[in-house]
Amino acid sequence: MSMATPPTLLAVDIGGTFTDLVALDIASGRIAVEKLLTTYPDPSAAVLEGLAGLLETACLAPESIRYVVHGTTLITNTLIERTGAKTALLATEGFRDAVEIGNEGRYDMYDLALKKPTPLAERRLRFDLPERMLADGRVWTPLDEARAREICAVLRAEAIDSVAICFLHAYTNPAHELAALAIVGQELPEISISVSHQVAPGMREYLRASTTIANAYVQPITERYMRRVETGLQGCGIDAPLNIMLSSGGTTTVKAARAFPVRLVESGPAGGALAGLYWGRLLGEKDVLAFDMGGTTAKAALTREGELSISHQSEVAHVHRFKRGSGLPLMVPMIEMIEIGAGGGSIAHLNPLGLPAVGPRSAGSAPGPASYGIGGMNPTVTDADLLLGYLNPDYFAGGGIKLDTAAARQSFADLAASLDLSLEQMAWGVHQLVNENMAAAARVHAAERGLEIRRYCLVATGGAGPAHACGVAKGLGISRIIIPPLAGVGSAFGFLTAPIAFDFTRSYVAKLSELNLTELNDILANLEREGRDIVEAAGVPSSDISVRLQIDMRYVGQGYEVRVPFPMETLTERHIRQMQSAFEDEYRAFYGQLADGVAIEAVNWRVLISGPTPDIESAPQAEPPAGNDAPVAFRPVLFEPETAPQETPIYRREQLGGAWSAAGPLIIEEAASTTVVAPGWSAQAAAGGCLLLTRETA
């Protein structure tokens, strides 16, 4: 199906605390929203309940929905909570412990009791298989097929659910992995199988093995979940293609998502980054800090030259939440984001040194923050924001959740007493601690990339993002904030801006002067063909598909590469000179100098195949109301711990006219989020229904 202008687009985002649904009618521009608590252990229950509610309240005909895109935290949560499949590993003889050994890096060189993440496949379920492929693809030791069948008998006795196959240098020649795949498929036809040359076809053994095991670990639960969602959609009368949000900012088919579920590990946060990019562009902001703070975590992404950066190496399930190197490494494409702090449900506590801290534990949706009144007892960020007066207890989630102020006060009592503070001072301290932690993390992230973050515009999304935006921006020296319409369901809205896309990578290491162009062109043609098959299967006509090439290059002897964009053409000798020039431009921009006289080599070749971006900008914009610009109420709000709460005007966002503006402090409420405009800031209505917040500068 062409993605030109389908009548209604539906986006579904499952977060750690809330499940959000957004339906956009392209013809009228009308947007309908449903927000409800995520259900555990089966998050699909909330999806189907929310969908039924959305169809009813918005008077939507199921047949009018022509396209559905879905993002989920299911994969991330499965990896973090270790609730995936019973997984085995088949590895080249002598290499079954590569995932245990890892690399020589220590994320904390002074910690004598340092813990590394435990592999997802325990040692007794990791098997050596006699075979050996050389780096150039030549067979050194043939695959021992008899031994492979013996191992299958053990796997059957162990009631294994999933198998990861990762052989040395399989990305160069996958023959042995394909043979092992056939044997395991014959012997154990009921289990899931992941092979490294398909999941992560790149060099670096540890990364490739870790990624393949992670894919196998989550594959069975992903298949069951996708089946429930598809069946549920059909049961609601929706006969529309279901596409799944990828961590890289594109969407793909359910079939591809089932085969490569590890590519969904950051699908939800990717929507927040895309939403930040979309709204920034709409208001003419090229340099954007997309800040998405939900119920469980807060994430941020920075644009560079108006585009989001894509990383092909990341980590998940950290032993220490904010320490790089303490997680399970993954070699999959994803928007470069950082987890910069806590979410609304993150729990405040005293650390081992007796100092206040927030997270990483979260109350989630069950039992939830204490103020939800559904069983939570611990103090959370949401409880702190309620005690400060930022949140309206009768209008949280549009009035769907009545917040219990007395329960919030009780949850903070012990923590405040332990530090000899009043409840309000403790709550203010938690709010400020969260803001400063997020600002500090974003500041370091920008500095590592050579970006001057003070000139950026912050785009705040997520249920808690607008309430913390001023505090985070102030800590970063940022003076402009965009609060999009429907900010509380920003990630789900971001899904609607994502093109159908998929990318494939192949390691092919050679000096530029020694490239075999015939062989290389065959590799690139095969990668393009595989990608086109997936994108066309999602309904994109061949004529609407675009293809891009990126090459990871380095000087010979270096351990890591610089990514170089390059035209996707049949490569000739002329292109080799262009590759060198393009590499030197990127290298100089990154490092400030070149290594003259040192040979350059290409390492990884990445082909991105994508369809057109959904044309949601053509949807008519709703006319702003005539404008009831007066506050709907006043309530006491605490902005400084040394002063008394101020009587602060409260506005309803849907009532504000297109010319509205006011100086803070003030609070703007809407169904899915609350915007806190702190003292020293002002707010005004802007294009596209956005709010633009600006800070007074000395």
Side-chain angles (χ1 to χ4, degrees), residues 1-12 22-29 61-71 198 226 229-230 233-234 238-260 263-264 267 270-271 274 277-278 281 307-308 310 333 335 493-506 521-550 565-570 605-620:
M1 182 190 73
S2 173
M3 282 297 297
T5 53
T8 302
L9 307 178
L10 174 66
V12 181
V22 174
L24 170 63
D25 185 325
I26 290 292
S28 67
E63 59 272 16
S64 71
I65 297 176
R66 301 289 300 281
Y67 176 71
V68 183
V69 59
H70 180 29
Q198 295 176 358
M226 296 292 179
V229 172
E230 282 189 304
L233 290 174
Q234 293 167 3
I238 296 176
D239 183 21
L242 172 62
N243 278 7
I244 308 300
M245 188 71 203
L246 295 168
S247 305
S248 58
T251 66
T252 192
T253 62
V254 170
K255 180 180 178 180
R258 285 172 173 164
F260 307 109
R263 291 197 178 212
L264 316 183
S267 69
L274 291 175
L277 181 66
Y278 174 87
R281 284 176 172 170
E307 299 289 341
L308 293 164
I310 304 296
I335 293 173
F493 179 86
F495 296 168
L496 299 179
T497 72
I500 295 172
F502 210 82
D503 63 275
F504 285 91
T505 300
R506 171 76 183 272
N521 281 320
D522 286 344
I523 290 172
L524 296 179
N526 288 333
L527 295 179
E528 180 178 348
R529 190 178 307 112
E530 289 183 68
R532 281 183 175 273
D533 288 345
I534 290 177
V535 174
E536 288 180 17
V540 180
S542 178
S543 58
D544 290 343
I545 291 176
S546 62
V547 184
R548 288 183 289 162
L549 173 64
Q550 292 179 327
F566 201 76
M568 185 63 181
E569 302 172 352
T570 300
W605 303 76
R606 309 184 187 278
V607 178
L608 173 64
I609 299 91
S610 62
T613 299
D615 184 17
I616 66 172
E617 290 187 30
S618 64

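Model, not experiment: these values are computed from the prediction.
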Rounded to the nearest 0.5 Å, what's the gap from [atom1] on [X] to [atom2] on [Y]? Could you check?
X	Y	atom1	atom2	result
L10	H70	CG	NE2	10.0 Å
L549	L527	CG	CG	9.5 Å
D533	E528	CG	CD	10.5 Å
I523	W605	CD1	CH2	9.0 Å
T613	I500	OG1	CD1	10.5 Å

Note to self: List the residues meeting side chain to side chain contact (heavy atoms under 4.5 Å, CB included) with L274, not counting sequence neighbours, and say none if there are none.
What the structure shows: M245, L308, I335, T497, A498

Next item on the list: Report the residues that fulfil side chain to side chain contact (heavy atoms under 4.5 Å, CB included) with E569, sequence neighbours left out, ordered by chain and then residue number.
Entry: P567, R574, H575

Measure the shortest side-chain to side-chain distance between [X] and [Y] over non-hydrogen atoms and say whether it is less than 4.5 angstrom.
X	Y	result
L242	E230	yes
N526	R506	no
Q550	L608	no
V69	L496	yes
T251	F495	no
I534	I609	no

Which heavy atom in [X] sits nearest to a heavy atom in [Y], and how many Å separate them?
X	Y	value
T8	A23	CG2-CB, 4.3 Å
P241	R66	CD-O, 3.3 Å
A501	L246	O-CD1, 3.4 Å
V22	F493	CG2-N, 4.4 Å
A270	G249	CB-N, 4.5 Å
G611	P499	O-CB, 3.4 Å

Notebook entry, point to check: Are there more than 12 heavy atoms of other residues, nucleotides or ligands under 6.0 Å from atom CZ of R548?
Noted result: no

Next item on the list: Walk me through it: do F502 and T253 pass the test side chain to side chain contact (heavy atoms under 4.5 Å, CB included)?
Entry: CA-CA 10 Å; F502 210 82; T253 62; over 6 Å; no

Next item on the list: From the options V547, V540, D544, select the one residue that forms a side-chain contact (heavy atoms from CB on, under 4.5 Å) with V535.
Entry: V540

Check: Can you list every salt bridge (Lys or Arg N to Asp or Glu O under 4.0 Å) pair that touches residues 239-257, not counting sequence neighbours?
Finding: none

Next item on the list: Determine the interplanar angle of the F260 and F504 rings, folded into 0 to 90°, and report it as parallel if under 30°, tilted if 30 to 60°, perpendicular if over 60°.
Entry: perpendicular

Check: When you check the side-chain N and O atoms of S247 and R263, is any donor under 3.5 Å from an acceptor?
Finding: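 No pair is found: no donor N or O on one side chain lies under 3.5 Å from an acceptor on the other.
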
